[in-house]
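I have placed the structure first, in the form of structure tokens, so that the comments after it can refer back to it.
All heavy atoms count here, side chains included; hydrogens, waters and symmetry mates do not.
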Amino acid sequence: MDINGIFKHNEEWVSKQLQEDSNYFEKLSQGQNPKYLFIGCSDSRVSADIIMAAKPGDVFIHRNIANLVPNNDLNVLSVINYSVNHLRVSDVVVCGHYNCGGVKVAMKASDEGLLNPWLRHIRDVYRLYKNELSAIEDIDDRYDRLVELNVKEQCINLIKTRDIQKALQEERIQVHGWVFDLKTGKLIDLKIDFEKIKREIMDVYNLFD
Ligand code: CO
């Protein structure tokens, strides 16, 4: 679609919404009350709204290369803080995807210039699970597994944060790790056992009694 086509499409969309509900935009402008925070990859094929069949107002979204939750990234931490404490979302999702370019480039030795420090977060995940990953002989299977393990580690980074710990303690949110499979269009719940993870790591990361 060319640039002018986008504006034409927008006009058509506005008319369609107004036909269905003449107050649609007035209501939309009143405020938002999303149930979900979605942290996904910037990849142009992983469109959160479409995957989740969500409408405007349903999902608060943060996207970056390879759906990372770095411990000192003020951008993602601000999104978490605002959505969990102010918008009061009930579910926080980290959604990775197979065929993730960020994960792929992090798997091999290469100098990616400015991207090096960002990709290092994924390389750190690779190091953490090196034994498991090296035992997978098929390179595509290993790549898929690193995508999954990266989602798991970013979920762990979530539960290291003050905002998520507090909300979990107050039992007002749930954390989920998902993967989107581009080859089938399916959304997969990794069913990460957070209770087990918490038992294993919270003696190190717990901020509250
Ligand atoms: Co990606």
Item to check | V59: hydrophobic cluster co-members (side-chain, 4.5 Å) | outcome: Y36, F38, V46, I51, M52, I61, V93, W178, F180, L182, L187
Checklist entry - With no hydrogens and no angle check, is any side-chain donor or acceptor of R142 less than 3.5 Å from a backbone partner on M107? => result no
Checklist entry - To which residues is W13 joined in a hydrophobic cluster, defined by side-chain heavy-atom contacts under 4.5 Å among Ile, Leu, Val, Met, Phe, Trp and Tyr, whether direct or through other members? => result V14, L18, Y24, F25, L28
Checklist entry - What residues, two or more places apart in sequence or in another chain, satisfy side-chain hydrogen bond (donor to acceptor under 3.5 Å, both in side chains) together with R145? => result E132, E148
Next on the checklist: Once side-chain hydrogen bond (donor to acceptor under 3.5 Å, both in side chains) is applied, do any residues pair with D144, and if so which ones, sequence neighbours excluded?
Outcome noted: none
Checklist entry - Passes side chain to side chain donor-acceptor pair (under 3.5 Å), H176 versus D189? Steps please. => result CA-CA 7 Å; H176 311 268; D189 184 351; 5.0 Å; no
Next on the checklist: With a 4.5 Å cut-off on side-chain heavy-atom distances among I, L, V, M, F, W and Y, is there a chain of contacts connecting V76 to L74?
Outcome noted: no
Checklist entry - Heavy-atom count around I50 CD1 within 6.0 Å, excluding the residue itself: above 12? => result no
Item to check | N/O donor-acceptor pair under 3.5 Å between Q154 side chain and I39 backbone | outcome: no
Checklist entry - In terms of hydrophobic clustering (I, L, V, M, F, W, Y; side-chain heavy atoms under 4.5 Å; direct or indirect links), are I156 and V204 co-clustered? => result yes
Checklist entry - Can you check whether L207's main-chain N or O pairs, donor with acceptor, with Q165's side chain at less than 3.5 Å? => result yes
Next on the checklist: With a sphere of 6.0 Å drawn around CZ of F208, does it hold more than 12 non-hydrogen atoms of other residues, nucleotides or ligands?
Outcome noted: yes
Checklist entry - Which residues pass the side-chain hydrogen bond (donor to acceptor under 3.5 Å, both in side chains) test with D163, sequence neighbours left out? => result N81, N85
Checklist entry - So if you build clusters from Ile, Leu, Val, Met, Phe, Trp, Tyr with side-chain heavy-atom gaps below 4.5 Å, do I201 and V151 land together? => result yes
Checklist entry - Is there a donor-acceptor pair under 3.5 Å between the side chain of D73 and the backbone N or O of P70? => result no
Next on the checklist: Taking CD1 in I159 as the centre, count heavy atoms belonging to other residues, nucleotides or ligands within less than 6.0 Å. Is the count above 12?
Outcome noted: yes
Checklist entry - Does NZ belonging to K35 count more than 12 external heavy atoms closer than 6.0 Å? => result yes
Checklist entry - Is the backbone of E11 close enough, under 3.5 Å, to the side chain of S15 for a donor and an acceptor to pair up by distance? => result yes
Item to check | R162 CZ: over 12 foreign heavy atoms closer than 6.0 Å | outcome: no
Next on the checklist: Could you check whether any side-chain N or O of T161 sits under 3.5 Å from a backbone N or O of L158, counting only pairs where one atom can act as donor and the other as acceptor?
Outcome noted: yes
Item to check | Main-chain N/O of A66 paired with N150 side-chain donor or acceptor, under 3.5 Å | outcome: yes
Next on the checklist: Listing request: all ring pair (Phe, Tyr, Trp, His ring centres under 6.0 Å) pairs with a residue in residues 81-110, at least two apart in sequence or in separate chains.
Outcome noted: F60-Y82, Y82-H86
Item to check | Side-chain donor or acceptor of N206 paired with backbone N/O of D203 under 3.5 Å | outcome: no
Next on the checklist: Is it the case that the side chain of N23 and the backbone of E26 share a donor-acceptor pair, with hydrogens and angles ignored and the cut-off at 3.5 Å?
Outcome noted: no
Item to check | Rounded distance [0.5 Å steps], CG in L114 versus CD in E112 | outcome: 11.0 Å
Checklist entry - Between R63 (side chain) and D43 (backbone), is there a donor-acceptor pair under 3.5 Å? => result yes
